[in-house]
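Structure first, commentary second.
These values consider heavy atoms only, across backbone and side chains, with no hydrogens, waters or symmetry-generated copies. Whatever order the structure lists ligands and atoms in, that order sets their numbers, starting from 1.
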Amino acid sequence: MPRLSLHFSLVLLLLAVALPAAAEFDPDRPTVLITGSNRGIGLAFAQYYAAEGWNVIATARRPERADELKALQRQFPQVAIEQLDVTNLEQIDALAEAYRGQPIDVLINNAAVLGDLPTQKVGGLDRDAFQQVMLVNVFGPLKVSEAFAEHVAMSEQKKIVALTSGLGSLKLMGQMSGFYYYRMSKAALNMGMLGLRKDLKDRGIIVGLVAPGMVDTQLLADSGYRGKSLTPADSAAGVAQNIAALTAEDPGKPINVDGKVLPW
Ligand SMILES: NC(=O)c1ccc[n+]([C@@H]2O[C@H](COP(=O)([O-])OP(=O)(O)OC[C@H]3O[C@@H](n4cnc5c(N)ncnc54)[C@H](OP(=O)(O)O)[C@@H]3O)[C@@H](O)[C@H]2O)c1
């Protein structure tokens, strides 16, 4: 028997080392769920809201590689790290089920891809590359919003937000060349979120679109842009302040990180 209990204790010890600590949510604090939060602006959102004392559901395609999130969780026990690929319908449903009954005050649809740029200009067009960008940047946010609408509706703040871009604006970028799929995806995302805004209004849910500015992330580097940019931390703080200011009375137009309406 003593040998068995020693063995049992060792197994428990190994499990404790291998598994991340379970998040300790405070039911009196608001909760945010962020897609694509292992790097870039998504990670900065997780850091911002954790430091503000929120319960944070930080999702990533590969949580086992999300070292910055793991460090955040060690600092703030109210951070949960969950697996979510926004193109994986089973994962979306499973996560929504796992959090059934948990109010989510703010859902941030942040995850997106720029896509392979050579396929986004005349001469290189590729259907698979197009579909991948649209699945991640358009259908993913819509489907995630649908799956978590009930969690948002039962919260205090009731907000669903998607990160848009000036590249999706007909007024600003209608004449630009290249970046076809990314630009089309953000224009389509805007339209989808406006539809959600109308359809979820009766449940008290406020749907908003915020553009984070030019932000120093991998996505911006991959775009070839070399001009001035915001840090992810400054952008996330600015977007979060805009989210906090959203009301049901707003006209629902996309807004920029500086709080101004983004021409669309
Ligand atoms: N940076 C800018 O200047 C800028 C400007 C305008 C708008 N935005 C928007 O801001 C948001 C964040 O962009 P960012 O600059 O932070 O980009 P980023 O650094 O490239 O990060 C993108 C994030 O999305 C995740 N992701 C990609 N595909 C996914 C999928 N199928 N399921 C779940 N997660 C997925 C990535 O995870 P992996 O690590 O697993 O790939 C990563 O966490 C995006 O919506 C982007 O369009 C950015």
### Query
Under a 4.5 Å side-chain heavy-atom rule over Ile, Leu, Val, Met, Phe, Trp and Tyr, are Met134 and Val86 clustered together?
yes
Kindly state each residue pair satisfying side-chain hydrogen bond (donor to acceptor under 3.5 Å, both in side chains) with at least one member in residues 94-110, sequence neighbours excluded.
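Of all non-adjacent pairs touching residues 94-110, those that pass side-chain hydrogen bond (donor to acceptor under 3.5 Å, both in side chains) are Thr31-Gln102, Glu82-Tyr99, Glu97-Arg100, Arg100-Glu150, Asn109-Ser145.
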Report all side-chain donor-acceptor pairs from residues 200-223 shorter than 3.5 Å, counting only partners two or more places apart or in another chain.
{"unit_1": "Thr217", "atom_1": "OG1", "unit_2": "Leu219", "atom_2": "N", "d": "3.3"}
{"unit_1": "Thr217", "atom_1": "OG1", "unit_2": "Leu220", "atom_2": "N", "d": "3.4"}
{"unit_1": "Gln218", "atom_1": "NE2", "unit_2": "Asp222", "atom_2": "OD1", "d": "2.8"}
{"unit_1": "Ser223", "atom_1": "OG", "unit_2": "Leu220", "atom_2": "O", "d": "2.6"}
{"unit_1": "Ser223", "atom_1": "OG", "unit_2": "Tyr225", "atom_2": "N", "d": "3.2"}

Exercise for the section: Verify, without hydrogens or angle tests, whether Thr87 (side chain) and Leu135 (backbone) share a donor-acceptor contact under 3.5 angstrom. Expected result: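 Side chain of Thr87 to backbone of Leu135, a donor-acceptor pair under 3.5 Å: no, none is there.
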Close residues (non-hydrogen atom under 4.0 angstrom from ligand 1) work out to Gly36, Asn38, Arg39, Gly40, Ile41, Arg61, Arg62, Leu84, Asp85, Val86, Thr87, Asn110, Ala111, Ala112, Val113, Val136, Leu163, Thr164, Ser165, Tyr182, Lys186, Pro212, Gly213, Met214, Val215, Thr217, Gln218, Leu219, Leu220
Original post:
Do Asp250 and Arg197 have side-chain heavy atoms sitting under 4.5 Å apart?
Top reply: yes
Could you work out, with salt bridge (Lys or Arg N to Asp or Glu O under 4.0 Å) as the rule, every residue matching Lys158, not counting sequence neighbours?
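Here no residue qualifies.
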